[in-house]
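As the structure is a computational prediction, the values presented were derived from the model and not from experiment.
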Amino acid sequence: MGRDIIADLITSIRNGDVNKKRRVRIISTNITESIVKILLREGFIENVRKHQESNKYFLVLTLRHKKTRKAIYRTRTVFKRISRPGLRIYSNYQRIPKILGGMGIVILSTSRGIITDREARLEKIGGEILCYIW
């Protein structure tokens, strides 16, 4: 039975955000590192560092929280997993959805690696839609 690494990443970040955690630890793989680099570049997380424990590598993410007047923390990031192991969703570059009119991002797995929807439209390539983030 295989594990859905992307769903584990999304769930860990979402749970850390809801429970007001400052740091979240996830298993390091090539896919998770690519997605975390996109999240860091787009400003959804503050910092990433790689940590090793007994021959296993982990990524330690520093989450970004926004302070408001009513509450100290507010859940800021919404993740939605689209393609999953039981049902793969593919799209060409013309039909990649725009999340919140371009405010959110779509993460795709393409032949050129894991990229955002903006990069896929510029390079005119489609692929598997992994998740929506806003």
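More than 12 heavy atoms of other residues, nucleotides or ligands lie within 6.0 Å of CG in N19, so this atom counts as buried by the packing criterion.
Annotation: side-chain contact (heavy atoms from CB on, under 4.5 Å) contacts of L122 (sequence neighbours excluded): none. For K80, the side-chain contact (heavy atoms from CB on, under 4.5 Å) partners are I82, Y132, W134, not counting sequence neighbours. Residues that satisfy the side chain to side chain donor-acceptor pair (under 3.5 Å) test with E33, not counting sequence neighbours, are S28, K50. Taking the side chain to side chain donor-acceptor pair (under 3.5 Å) definition, one finds that S109 meets it with nothing, sequence neighbours left out. In this structure, the side-chain contact (heavy atoms from CB on, under 4.5 Å) partners of T62, at least two apart in sequence or on a different chain, are R22, R23, E46, N47.
Contact of the F79 side chain with the L39 side chain is registered, since non-hydrogen atoms from C-beta on lie closer than 4.5 Å. The shortest side-chain heavy-atom distance between I27 and I5 does not fall under the 4.5 Å cut-off. Considering only heavy atoms from C-beta on, L9 stays 4.5 Å or farther from I31 through its side chain.
Distance CD1/I129 to OG/S83: 8.0 Å, rounded to 0.5 Å. Atom CG of residue L108 and atom OG1 of residue T116 lie 8.0 Å apart, to the nearest 0.5 angstrom.
Grouping Ile, Leu, Val, Met, Phe, Trp and Tyr residues whose side-chain heavy atoms lie under 4.5 Å apart, directly or via other members, places I115 in a hydrophobic cluster with I125.
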For residues 53-60, which side-chain N or O atoms pair as donor and acceptor with protein atoms under 3.5 Å away, sequence neighbours left out?
unit_1	atom_1	unit_2	atom_2	d
E53	OE1	R25	NH1	3.3
E53	OE2	R25	NH1	2.9
E53	OE2	H51	NE2	3.3

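Note on residues 106-121: pairs passing salt bridge (Lys or Arg N to Asp or Glu O under 4.0 Å), not counting sequence neighbours, are R41-E119, E42-R118, R112-E123, D117-R121. Under the salt bridge (Lys or Arg N to Asp or Glu O under 4.0 Å) criterion, the residue pairs touching residues 82-107 are R88-E128, with sequence neighbours excluded.
A side-chain donor-acceptor contact under 3.5 Å links R64 to the backbone of G43.
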